[in-house]
Amino acid sequence: MNEASSGALFKGFDLRTGFLNALLILPPAFLYSMKTDLPHILLIAAAMLGTGLFRRSYLSYSDRPIIYCVTAALVLTIVPDMVVTVDESRFGLFDLMLRSSLAVPLLLYLAALSCLFPPNQHRAGLSAALAVAATLICGDIFNSADQTNTVLSFLDVPLRNYRTSYTIAVIVQAMTLPFFFYTTTRTVYPEKKCRSTSILRSAVRFLCIVLIPVFALSLSEFYYAHTALFRNLEFYFLRLGMRRPARGNEMMILSNSVNLNATMQSELLKNPDKVLLRAKADAPPGYLRGGVYTMYRRGEWLSNPVRTNLSAMRRATILSENTFTVPDYPDAPATVPDDPREPPPEPIRRVELYFEGLLTRGVIPAPGNTYRIDAVADDAQITDSGVFSLKLWKRDGGCTVFTSNYDPAAAYPMPVPEEAHFLTELPRPLRRPFGKIAGEALSGRKIRRDRDRVAAVIEFLSRYSYSLSFRPPGERGDPVLHFLTKERRGHCELFASAAVLLLRSMGLPARYVTGLVCEELHPYSQYYIARASNVHAWGEVYLRDEKCWMLVEATPPSGDLPSARSIRKQSVFSSVMDLLQQTFRNAFADIRRGYFANAVLTVLEIAFALLLRVFFHPAALLVLIPAGFVVWFRYFRRKGRVRAGGVLGDREKKRLSSAFATFERGYAANAHRKRAQGETLSHYYASAPQEIREYVAQYESLRYREQSPAPEIVREMAHRGRLLLKKRSGR
């Protein structure tokens with residue numbers, strides 16, 4: 001490329017180029033802003049394009065501008081996604097698979113920022129590819145006929161006719177592409193302006209302008225005509241995408257039913273040490289309730305809860321976190337400090353939950369005395385048995401639960417079951433055998449209170465043994481009755497079910513509960529871990545004479561029991577890796593919830609604690625002491641060389657070489673050609689202006705002579721190189 005064409009690349013922006021960039025990038029930005037009711041996406045993309053109109057020259061193709069632009073696009077994509085919650089009901093399956101809330105803004109911002117660089121074939125192709133990819137993602141069909149916008153309410157009509165709006169945007173973008181590439185070609189090769197355009201070239205250009213929108217419309221019509229086919233393909237890929245993470249990374253243990261006839265989940269048995277949840281608290285959270293079941297039918301526990309919506313309160317000091325409080329909760333305080341580092345007043349407890357390998361689908365395992373949840377979510381519900389669930393919840397932000405007091409074995413205190421007859425219901429075939437077994441459990445004991453009946457059931461079940469190798473009786477038999485009369489050994493689900501059914505046969509309201517036991521304290525930090533082996537089942541019973549609910553742990557003590565696994569020996573490496581994972585998850589959750597200062601302090605505290613443990617570890621001392629001696633020896637040896645004058649000169653030559661390397665990178669970016677390996681400086685700068693050749697010659701004389709240059713000469717050379725680069729780029 002000659003000097004004229006090279007200088008043309010760095011001339012100022014013009015209105016024609018800016019107009020074509022806008023026609024290429026703003027249509028998908030408009031579609032996605034209208035689709036998600038988020039105007040900031042369109043405004044940010046337009047601001048990026050408008051920036052180019054006020055610049056006198058393009059950005060250079062060097063490392064620093066490219067890194068800055070990519071970083072800016074990432075920040076502008078991630079930070080608003082943390083602050084604003086997108087309604088995923090507006091998305092189709094394709095949007096959900098590709099995470100369009102992140103993919104589309106990132107593509108648009110990269111395309112807009114790429115227009116700040118000099119036009120050439122590669123940059124034009126990249127800008128067009130990014131914009132077209134964003135348009136393709138915006139084309140997913142969603143139920144827009146009944147949708148309305150809150151912020152962009154004036155766009156309700158084009159939103160409800162999204163197919164027409166998308167078609168118009170595709171036509172505009174498709175007709176812009178030929179002019180966009182043609183303008184780029186004329187900018188890169190300005191000498192072609194003097195040539196007359198042939199009739200054949202004009203005809204080809206006209207056909208491109210006409211056929212591209214026709215081709216786009218044909219593809220659109222084909223897509224809408226075969227919607228069912230494409231939907232089936234999307235469902236297929238969605239199932240593949242959901243199946244792989246669930247198998248390899250996450251476990252689903254919270255469901256609407258529990259089948260005791262089935263064997264234990266293979267995931268729990270294969271990987272019992274897998275971390276499912278971490279809880280940051282000043283004391284063990286204990287039993288975390290994730291599922292409550294009240295109806296028992298043929299070996300299966302079913303749940304038919306009554307859900308209540310919780311009112312959301314967004315606090316002014318937090319960017320995106322909502323507070324959900326249980327109405328009419330007994331002994332609930334009026335206010336709690338919002339600062340995560342300020343301890344709540346006694347007896348209130350704060351527990352921060354971070355989910356690692358647990359697929360909850362919005363259900364929050366929480367202590368039984370939880371009255372408040374803080375989370376990045378739009379809505380929350382609670383069942384009549386005290387199971388929390390969140391909607392439009394940012395799971396990577398975790399959640400914080402507040403308990404009315406510290407009780408690791410707390411039961412949910414509501415409802416008062418005067419009219420809930422199903423809590424004492426037993427299937428008809430089980431009434432007689434369970435009544436007989438209940439009589440055996442109560443025989444020989446003085447029963448004065450309901451608590452005595454509970455103690456009798458627990459003592460009776462302690463005669464059975466805990467085992468994970470339970471064999472179900474088959475289709476006709478009941479697994480709990482089979483466990484009590486024949487097998488006499490089983491896992492926690494059978495013990496909890498037996499306790500609940502026996503208490504019901506005594507006339508006490510009872511319910512079956514599943515969740516996790518979180519009591520394992522990390523050796524290096526104040527948080528607790530719940531693993532796959534800590535998945536557990538227990539019961540809750542209502543004491544009629546005391547008017548309260550009580551947790552029933554009927555599984556006998558065993559080394560395999562989740563409550564007995566709170567002390568776990570880990571290697572130093574696994575403990576440190578777990579601490580690092582929790583640190584970054586905690587920091588990211590704080591950023592998601594708006595606690596930016598707390599995120600920084602958390603990382604610094606953990607880093608300082610790890611350094612202290614490393615420095616004071618016996619094995620580390622064996623390494624650090626010799627390493628410190630080597631550093632001490634090299635320092636004094638270097639100091640002696642400095643006194644002798646040997647290193648000072650080398651230092652100035654290194655500064656001179658660094659200054660010239662900066663000049664050479666800027667010159668190569670300007671000339672669009674790097675110096676080949678082995679090519680001499682005189683050959684590379686042979687065609688450069690006279691002042692640059694003189695600058696290079698002076699550098700060679702200073703660099704390769706025996707005497708070191710003075711510091712002021714090195715500073716003068718660096719300043720002179722910057723002036724030459726500035727003068728060349730402004731030509």
Side-chain angles (χ1 to χ4, degrees), residues 246 249-258 264-281 283-293 301 303 349 351-370 373 375 383 385-390 395 398-401 403 406-412 466 468 491-497 511-522 527-540 551-555 558-568 578 581-582 585:
N249 300 325
E250 295 181 331
M251 293 184 181
M252 179 64 192
I253 62 172
L254 307 175
S255 59
N256 295 325
S257 63
V258 176
M264 295 289 292
Q265 293 187 24
S266 59
E267 293 87 351
L268 299 178
L269 300 177
K270 290 180 181 178
N271 193 5
D273 293 334
K274 182 178 180 60
V275 176
L276 301 183
L277 179 145
R278 297 185 183 94
K280 186 178 180 181
Y287 290 78
L288 303 179
R289 306 165 77 254
V292 179
Y293 309 90
W301 283 103
S303 175
R349 298 284 176 167
V351 181
E352 299 178 16
L353 301 177
Y354 304 95
F355 300 89
E356 178 72 24
L358 179 63
L359 184 62
T360 67
R361 295 181 182 175
V363 177
I364 303 300
N369 53 350
T370 299
I373 287 185
T383 66
S385 298
V387 177
F388 294 89
S389 59
L390 300 175
R395 181 170 175 259
C399 66
T400 303
V401 300
T403 62
Y406 178 66
D407 186 1
Y412 186 66
Y466 181 85
L468 296 175
H491 44 76
C492 58
E493 293 179 332
L494 295 166
F495 281 95
S497 300
R511 55 198 181 197
Y512 175 81
V513 185
T514 61
L516 303 107
V517 179
C518 186
E519 295 180 341
E520 178 191 340
L521 177 64
H522 190 273
Y527 69 89
Y528 298 85
I529 302 173
R531 303 179 184 271
S533 58
N534 299 126
V535 176
H536 194 42
W538 60 92
E540 290 180 353
L551 186 142
V552 180
E553 177 56 89
T555 308
S558 171
D560 294 329
L561 191 64
S563 59
R565 301 173 188 142
S566 58
I567 302 176
R568 181 186 298 269
D578 188 89
Q581 292 180 13
Q582 169 61 13
R585 188 171 292 275

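Just so it is clear, the model here is predicted, and its values are computed rather than measured.
- With values rounded to the nearest 0.5 angstrom, Glu356 atom CD is found 5.0 Å from Gln581 atom CD.
- Taking the six-membered ring where tryptophan is involved, the planes of Phe495 and Tyr466 are essentially parallel, since the angle between them stays under 30° and well short of 60°.
- Interatomic distance, Leu277 CG to Tyr528 OH, rounded to the nearest 0.5 Å: 14.0 Å.
- In plain terms, the two heavy atoms of Cys518 and Pro285 that are nearest each other are O-CD, 3.3 Å.
- For the atom pair Leu353 CG and Leu288 CG, the distance stands at 6.5 Å (nearest 0.5 Å).
- The distance from the CH2 atom of Trp538 to the CZ atom of Arg511 is 12.0 Å, given to the nearest 0.5 Å.
- Contact between Pro365 and Val363 at its shortest, heavy atoms only, is CD-O, 3.5 Å.
- Shortest non-hydrogen contact noted between Arg395 and Leu359 is NH2-N, 4.3 Å.
- Proximity of a side-chain donor or acceptor of Ser303 to a complementary backbone N or O of Val292 within less than 3.5 Å is detected.
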Working note: Asp407 + Leu551, criterion side-chain contact (heavy atoms from CB on, under 4.5 Å); need CA distance, chi angles, decisive distance, verdict. CA-CA 11 Å; Asp407 186 1; Leu551 186 142; over 6 Å; no

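- For the pair Ser497 and Tyr512, the tightest heavy-atom approach, listed with the atom from each and the gap, is OG-CE1, 3.3 Å.
- Between Ile364 and Ile373 the shortest side-chain heavy-atom distance falls below 4.5 Å.
- Contact record, Thr555 with Ala537: OG1-O, 4.5 Å, taken as the closest heavy-atom pair.
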Given the rule in the side-chain contact (heavy atoms from CB on, under 4.5 Å) test, do Tyr287 and Glu540 qualify, once you have shown the distances and angles that lead to the verdict? CA-CA 12 Å; Tyr287 290 78; Glu540 290 180 353; over 6 Å; no

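- Taking CZ from Arg278 and OH from Tyr354, the interatomic distance works out to 11.0 Å, rounded to the nearest 0.5 Å.
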Could you walk me through whether Ile529 and Asp578 pass the side-chain contact (heavy atoms from CB on, under 4.5 Å) test, one step at a time? CA-CA 10 Å; Ile529 302 173; Asp578 188 89; 3.5 Å; yes

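- With rounding to the nearest 0.5 angstrom, the CG atom of Leu276 is 8.0 Å from the CG atom of Asn534.
- A side-chain hydrogen bond (donor to acceptor under 3.5 Å, both in side chains) with His536 holds for exactly one of Glu553, His491, Glu493; it is Glu553.
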Determine whether Thr514 and Tyr293 satisfy the following criterion, side-chain contact (heavy atoms from CB on, under 4.5 Å), listing intermediate values before the conclusion. CA-CA 8 Å; Thr514 61; Tyr293 309 90; 3.6 Å; yes

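- No donor-acceptor distance shorter than 3.5 angstrom exists from the side chain of Arg361 to the backbone of Ser389, with no hydrogens or angles considered.
- Nearest heavy-atom pair across Ala375 and Cys399 is CB-CB, 3.8 Å.
- Formation of a donor-acceptor pair under 3.5 Å by the Arg585 side chain with backbone atoms of Gly398 is not found in this model.
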